[in-house]
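Below is one structure, written out as structure tokens; the observations come after it.
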Amino acid sequence: MGAGGSHSSTGPTLLASVKAVHDPKDTSWHPPITYALCVAGGGARAFSYSLGVFRALSDLNLLDKIDGIASVSGGTWLSCIYVFAKTFKGSPVSSAQLLGATAPPTRAEELSMSKLQELQPAIASGLAEGDSDKILAELAVQYVGREWEVWPQVMSRWLLRHFDELGSLDRCLAQDEAHVARITARNPSLEPKSFLTPRPDRRQALVMCGAALAPVDRLATKANAVVFQMSADYVGSPFYPKNTQVDYQKAPLCPCDACCYQSCKTMRTVGGGFVESFAFGGTAPTKGSEQKGGTDVAVGAPARPFSLPCAAGISSWGPGGALNESELVADIANIRQLYWPVTSPQLPMPQAAVEYELADGGCVDTSGLLSQLQRKATRLVSIVPSDAPLDAAAVNGPTVTVESFKPDVAGVYDALYVLFGYEKPGTGRLRQNDQVFDRALLLPIVRELKVLVDAGKPAVLKKTLQVLPNDWWGIAGNCEVELIIVVLEVCREFQDLLPADTKQELAKWDGAFPHFPYYKTVLNNLTDLLGLTWPQVNLLAAQAEYSVKTNAALFQELFAA
């Protein structure tokens, strides 16, 4: 049987809950969400900038008011540690220690080079050691022939290494100890110690967003790739894209051959709901009638646990979308898991599990915001870790209109502009189903941001926006949301406050802060593919913290209702 072949259950089974999600108006499938924090992708840059937002919201006593967190890629790196980490290097760790909060809070004026090195928030300990190249090289040798396992291992040995049980690939996920007790009562073969649960002081429901690209050896397109959502309790994809099945064309050996395989298509159901996290990755229910959802559904036991390193790895596997364009490369490197859909009266035919290529949530939505609109959040904070400055001519040029505006040329981060119906060229080929806001509103918003940047202010705006229906994502729309966007841009006001030695380093072309504040997603430092130094992490986090606190009134207003 080929890698993309179907799999039937002949081995051990588990009893798990299967949750059907078909109706965009239904709210019973998720906990109530009013306030949501959307933590976009962008590697260590997104991690560091979002760290400052978390810390500021915590200091303003607003972080604990958030009902849901949606994270993508580097945003997931930060969020999963924040939600799950109970110990650090063998000792209990507090929220303040995780986030690097000080009493009183460190001011920009105090951020000398020595202070930036001294501050070492536990949450960033894995990515600030400067050894990601070494770890990747070791794993590449160790996993020859199983290259698709390397990236989750990177999450374990690099990002999560100092958080004890978080780095284990042998621990299933569960919501809390009561959930573990229910699971093990139904499945005596599972040991309670084999589970990882969030910290008991975290009320936020975390959704780590990845992408279900296509079955192995099939091509992902804008007409079939969907979000893949991973939480402590459930894993899967809600709703059916446009409420129907999708076609998967055979993947070409290389992208230039794609036209040769257009007639080689397979139709499948994708989405429709979730299975409990501990049971994800096995074969479909042994009784076809139970694939439509229920409790105590007998499903095939996964060959290995669906662990936190696996979830973080899927959410941040950035090359996945591009690698999928070549069957040869994707078959070597792309993460894959057995996956089966949840059926319904609309799409009732049971389907066996097949191996799917799974990748970075940014393949379908870099912002994470769409998953929270699926859950009816009405007051949202969206962190936008831009990778380039806004271009004055492309934003305010005399010929720029709503119709002619090109946000990618203007330096707008794609996490933001695809939500307004603009398409990302090239590698953004899968992000063409994401519109939830009126296209005409983006240019005025970007111009407001540019005014703030030009004045030296933090790029933070609060807007009331009408949500448009989106049947690809199962978003009912026709409602209003209050949205604060926290955009990474140069903030002169913040930089002017810094000590002289830090300003001097910022001014050097070969100084301690290359590309600040737009750190590269990879190779910001030539000897460290993925990570940043402590001063780099701390300075960007401090700018984000300053941006939020300078606009504290906006956030307090958002969370006042």
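Position 1 is the first residue of the sequence; numbering continues from there.
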Do we see a donor-acceptor contact under 3.5 Å between the side chains of [X] and [Y]?
| X | Y | answer |
| --- | --- | --- |
| Gln374 | Gln229 | yes |
| Ser28 | Asp26 | yes |
| Asn334 | Trp317 | yes |
| Ser168 | Asp170 | no |
| Ser73 | Asp360 | yes |
| Asn538 | Glu118 | no |
| Ser156 | Arg161 | no |
| His30 | Gln372 | no |
| Lys376 | Thr34 | no |
| Arg186 | Thr295 | no |
| Asp434 | Trp473 | yes |
| Arg375 | Thr27 | no |

Would a distance-only check, ignoring hydrogens and angles, find a side-chain to backbone donor-acceptor pair under 3.5 Å from [X] to [Y]?
| X | Y | answer |
| --- | --- | --- |
| Asn187 | Leu14 | no |
| Asp528 | Ser132 | yes |
| Gln291 | Pro341 | yes |
| Thr87 | Gly90 | no |
| Asn524 | Tyr519 | no |
| Arg55 | Ala101 | no |
| Arg146 | Tyr143 | no |
| Gln204 | Leu63 | yes |
| Ser315 | Cys209 | yes |

What closest approach, in Å, do [X] and [Y] show between heavy atoms, and which atom pair accounts for it?
| X | Y | answer |
| --- | --- | --- |
| Ala211 | Cys363 | CB-CB, 3.9 Å |
| Val299 | Thr283 | CB-O, 3.9 Å |
| Glu165 | Arg171 | CB-NE, 3.6 Å |
| Ala353 | Trp340 | CB-CD1, 3.7 Å |
| Asn224 | Val270 | O-CG1, 4.4 Å |
| Ala70 | Gly368 | CB-O, 3.2 Å |

Just wondering, do [Y] and [X] contact through their side chains at under 4.5 Å, heavy atoms?
| X | Y | value |
| --- | --- | --- |
| Gln351 | Arg268 | yes |
| Leu347 | Gln245 | yes |
| Asn243 | Gln346 | yes |
| Val537 | Thr533 | no |
| Glu290 | Val18 | no |
| Ser371 | Val227 | no |
| Leu206 | Phe84 | yes |
| Val342 | Val21 | no |

- Item | Verdict with supporting geometry, Trp29 and Phe239, ring-ring contact (aromatic ring centres under 6.0 Å, His included) | CA-CA 11 Å; Trp29 60 277; Phe239 308 109; 5.8 Å; yes
- Could you check whether the rings of Tyr240 and His22 sit parallel, tilted or perpendicular, using 30° and 60° as the cut-offs? parallel
- Message: Angle between ring planes, Trp151 versus Trp77, binned at 30° and 60°: parallel, tilted or perpendicular?
- Response: tilted
Rounded distance [0.5 Å steps], [atom1] in [X] versus [atom2] in [Y]:
| X | Y | atom1 | atom2 | value |
| --- | --- | --- | --- | --- |
| Leu60 | Phe559 | CG | CZ | 9.5 Å |
| Gln153 | Leu136 | CD | CG | 11.5 Å |
| Asp201 | Lys86 | CG | NZ | 10.0 Å |
| Phe47 | Ser79 | CZ | OG | 9.0 Å |
| Ser50 | Ile69 | OG | CD1 | 10.5 Å |
| Leu540 | Leu51 | CG | CG | 9.0 Å |

- Item | Result of checking His179, Lys19, Gln175 against Glu276 for side-chain hydrogen bond (donor to acceptor under 3.5 Å, both in side chains) | His179
- Compute both the distance and the angle, then confirm whether Arg336 meets the cation-pi test with Tyr356: under 6.0 Å from the six-membered ring centre, within 45 degrees of the axis. no
- Message: Could you tell me if Lys65 sits above the aromatic ring of Tyr35, with its cationic atom closer than 6.0 Å to the ring centre and no more than 45 degrees from the axis?
- Response: no
- Note on the structure: From the list Asn470, Leu419, Val436, side chain to side chain contact (heavy atoms under 4.5 Å, CB included) partner of Leu373 resolves to Val436
- Task: For side-chain contact (heavy atoms from CB on, under 4.5 Å), just list the numbers for Leu78 and Ile123, CA-CA rounded to whole Å, side-chain angles, deciding distance to a tenth of an Å, and then say yes or no.
- Result: CA-CA 7 Å; Leu78 177 82; Ile123 204 166; 3.5 Å; yes
- Show your working on salt bridge (Lys or Arg N to Asp or Glu O under 4.0 Å) between Asp414 and Arg431 and close with a plain yes or no. CA-CA 9 Å; Asp414 53 55; Arg431 267 179 282 172; 2.7 Å; yes
- Run the side-chain contact (heavy atoms from CB on, under 4.5 Å) check on Ser316 and Met155 step by step: do they pass? CA-CA 9 Å; Ser316 61; Met155 296 297 99; 3.8 Å; yes
- Please step through ring-ring contact (aromatic ring centres under 6.0 Å, His included) for the pair Phe306 and Phe278, ending with a clear verdict. CA-CA 6 Å; Phe306 190 79; Phe278 78 92; over 10 Å; no
- Query: Checking side-chain contact (heavy atoms from CB on, under 4.5 Å) for the pair Cys80/Leu160: CA distance, chi angles, key distance, verdict?
  - Reply: CA-CA 9 Å; Cys80 75; Leu160 303 172; 4.2 Å; yes
- Query: Can you check side-chain contact (heavy atoms from CB on, under 4.5 Å) on Thr366 and Tyr413, steps first, answer last?
  - Reply: CA-CA 9 Å; Thr366 306; Tyr413 199 42; 4.3 Å; yes
- Message: Tell me whether Lys292 at atom NZ has more than 12 heavy atoms from other residues, nucleotides or ligands lying less than 6.0 Å away.
- Response: no
- Query: Is any NZ, NE, NH1 or NH2 atom of the basic residue among Arg157 and Asp131 found under 4.0 Å from an Asp or Glu carboxylate oxygen of the other?
  - Reply: no
